[in-house]
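First the proteins, then the strands, lettered A, B, ... as listed; each starts at 1.
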Amino acid sequence: MEKFKTFNGVVCPLDRSNVDTDAIIPKQFLKSIKRSGFGPNLFDEWRYLDHGEPGMDNSNRAVNPDFVLNDPRYRGAQILLARENFGCGSSREHAPWALADYGFRVILAPSFADIFFNNCFKNGILPIVLEDKVIDDLFRMATVDKALEMRVDLSQQLLTAGGWQRNFEVDAFRMHCLLNGLDDIGLTLQRIDEIRAYEARRRVEAPWLFGNRS
Amino acid sequence: MSAKTLYDKLWESHLVRTEADGTALIYIDRHLVHEVTSPQAFEGLRLAGRKPWRVDANLATPDHNVPTTPREGGVEAIRDPISRTQVETLDANCRDFGITEFQMLDPRQGIVHVIGPEQGATLPGMTVVCGDSHTSTHGAVGALAFGIGTSEVEHVLATQCLIQKKSKAMQIRVEGEPGRGVTAKDLVLAIIGEIGTAGGTGYAIEFAGSAIEALSIEGRLTLCNMAIEAGARAGFIAVDDKTIEYVKGRPYAPEGGLWEQAVAYWRTLHSDQGAQFDRVVTLDATTIRPQVTWGTSPEMVVAVDQLVPDPGEENDSVKAEGMQRALDYMGLEAGTPITEIPLDRIFIGSCTNSRIEDLRAAAGIAKGRKVAGNVKQALVVPGSGLVKAQAEAEGLDEIFIDAGFEWRQPGCSMCLAMNADRLEPGERCASTSNRNFEGRQGQGGRTHLVSPAMAAAAAVTGRFVDLADLDKG
């Protein structure tokens, strides 16, 4: 995973609550056996006027001019501003893959669904929880004529936009992994001895958990 | 020793290591695998030159993409080439890594969340994970079960562990005897209506109370299945006699001396007297009526004898807008009685409601009746090959077919429409599945979540109906 560095990005406001992972990446695109290439189909049903299928040339499709991703102000946005319970529903990691592939690196929302929140960190996306009032303010700031540009500094846990500043909370372990681009599996495999010791103990305490049916 | 919740017990017994900040490495006893969320994880293993840590902890089956029409042609006959590739990829990955798979033509194939408990592959006290949010289902037998993303699928395959932080503990108590026609599905929809789809976010939910204890294990599976729709990754229920009776004799369940040892341990899997929860919610089961969702989120739910709600009466403007957007999408007017909503299609199936008791309940309504003229299609999709065989042994298939339902092969089917079973734009479906999101059952499709009995009643009357009125009619 790439290291998460400080950056300045445009804020794209998606003013809907309970945005589910089916909406983020519709089911027909889950048939891919790859991790990449989902960006053009991010929010497919809201973003385009026709029905999308895998393998289509997305550059020729009619876009929905009313959908925020198609607003020229927000072109190239790297920060998604969202409402409560963002990422609810299906556990599909294709949702953060699509967001990351599109170019989003940070999502700001008053709350996230647990599985999605967790999946983001595995893919270099930083989900940030902010109070409702702060999110309301940001929606006002992001929906004026000129797009809102924000600086995200993870190591300082600081968001800056013009004269506006806000600190945010992030789990220390997850911050460490993002900043250093660490792979969880590599970290866990440093604990091989402890895993083996646990297993040895469990084989005695709960032997029925080991060995499949004959 | 202080009193512990069931969650404390399940969590602590799986701790390999805890960091100072609470980040924990927990051990996973059972990993269920399906074709949609696993290919990238197996690819990751290959690229890193890794092997599964413990092959025997894994069990795989294809379910999301498989056709529910006759399968004589095998995998090669799956018409959608991309679906076929995914099923073939699962077969190849399981073969290459030595993982047990119930392939598409195996009589034990089915929806992962149906076959896990059915096989005794998910047992009380286990940690159970799968790259599927409805893994919470398995909590019904007193397991800590939750959905994970593909990176975590790879992590479990490679290390048999996951890096997690402990959730907060919520207890939802449902007390009293529910009225006639009120099923586990109605209880869980009422719970979601009460706490909201984000109400359980950050929590693991223990369901308890007399109405929960009274449920069969299959009813409990339905209930825990939808914990995720309340925002909680995991939902579970204490082990009791019903749990142990249910597990006994299943293919993967322990036998002989191991069985006795396991049962002695399983008997401890309940919250202790006086255990503290971060939040307790209590519902009165006697006031819960059969439920029907009207919108595009499972929390948008009312009782069958109520009206489609009016966004004008909602004070929160973001919520009111969401309600209006849902009404527009669903093609509904505020104030319409739920019983006057006509239906185009009926879907009885999914990991929520495709077990034998669900099919019996639906067949009980369908028997001697006919699917209404305005209903274009009424699908019954059993949750597994073994459920299908059991239903056929009981003659349920004939009841459904005589009434004009289609009797299908097992799989996820129209719950998420990854195979050929789907709604056309604007079509309205009474569905026993778990999500009524926009486009979930097909682009532009409109989903109303209900119990199997309600779906069957909707099939034969062409609209939603209070089950008590159906008996009168």
Of the backbone (N, CA, C, O) and the side chain (C-beta and beyond), which part of [X] lies under 4.5 Å from a heavy atom of chain A, both, or neither?
X: B/Ser13; answer: both
X: B/Asp80; answer: side chain
X: B/Ala253; answer: neither
X: B/Ile82; answer: both
X: B/Arg435; answer: side chain
X: B/Leu59; answer: neither
X: B/Ile148; answer: backbone
X: B/Thr159; answer: both
X: B/Trp259; answer: neither
X: B/Thr23; answer: side chain

Taking every heavy-atom pair that is under 4.5 Å apart, which of [options] has the most such pairs with chain A?
options: B/Leu416, B/Leu258, B/Thr150; result: B/Thr150
options: B/Ser133, B/Gly22, B/Pro39; result: B/Ser133
options: B/Glu438, B/Arg325, B/Lys165; result: B/Arg325
options: B/Thr37, B/Thr296, B/Ile163, B/Asp21; result: B/Ile163
options: B/Leu25, B/Thr85, B/Leu123; result: B/Leu25
options: B/Glu255, B/Arg54, B/Gln164; result: B/Arg54

Hydrogens and angles aside, do [X] and [Y] bring a side-chain donor and acceptor to less than 3.5 Å of each other?
X: A/Trp46; Y: A/Asn64; value: no
X: B/Ser83; Y: B/Asn65; value: yes
X: B/Thr89; Y: B/Glu35; value: no
X: B/Gln441; Y: B/Thr447; value: yes
X: B/Asn58; Y: B/His31; value: yes
X: A/Glu205; Y: B/Gln261; value: no
X: B/Thr197; Y: B/Glu299; value: yes
X: B/His64; Y: B/Asp132; value: yes
X: B/His14; Y: B/Glu12; value: no

Practice item. Cation-pi check, A/Arg202 to A/Phe210: give yes when NZ or CZ is under 6.0 Å from the six-membered ring centre and within 45° of the ring axis, no otherwise. Key: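 Verdict for A/Phe210: no cation-pi partner in A/Arg202.
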Does any backbone or side-chain atom of [X] lie under 4.5 Å from a heavy atom of chain B? Answer side chain, backbone, both or neither.
X: A/Phe116; answer: neither
X: A/Lys27; answer: both
X: A/Asn118; answer: side chain
X: A/Glu45; answer: both

Heavy-atom pairs under 4.5 Å with chain B, option from [options] with the top count:
options: A/Leu209, A/Ile33, A/Asn85; result: A/Ile33
options: A/Leu189, A/Asp171, A/Ile185, A/Asp22; result: A/Ile185
options: A/Thr188, A/Leu187, A/Asp15, A/Asn123; result: A/Thr188
options: A/Asn119, A/Ile115, A/Thr21; result: A/Ile115
options: A/Gly186, A/Ala23, A/Ser32; result: A/Ser32
options: A/Gln28, A/Arg83, A/Glu194; result: A/Glu194

Review point. Parallel, tilted or perpendicular: which fits the ring planes of A/Trp208 and B/Trp266, with parallel below 30° and perpendicular above 60°?
Key: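 Rings of A/Trp208 and B/Trp266: perpendicular, over 60°.
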Exercise for review: Apply salt bridge (Lys or Arg N to Asp or Glu O under 4.0 Å) to B/Arg233 and A/Asp114, showing your working.
Suggested key: CA-CA 7 Å; B/Arg233 283 179 87 169; A/Asp114 286 340; 5.8 Å; no
Practice item. Look at the side chain of A/Arg47 and the backbone N and O of A/Leu42, then say whether any donor-acceptor pair between them is shorter than 3.5 Å. Key: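 Pair found, side chain donor or acceptor close to backbone of A/Leu42.
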**Study point:** B/Gln443 side chain vs B/Glu424 backbone, donor-acceptor pair below 3.5 Å
**Key:**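 It does not hold such a pair.
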Practice item. Please test A/Arg201 against A/Glu199 for salt bridge (Lys or Arg N to Asp or Glu O under 4.0 Å), starting from the C-alpha separation and ending with a verdict. Key: CA-CA 5 Å; A/Arg201 204 164 71 234; A/Glu199 282 183 328; over 6 Å; no
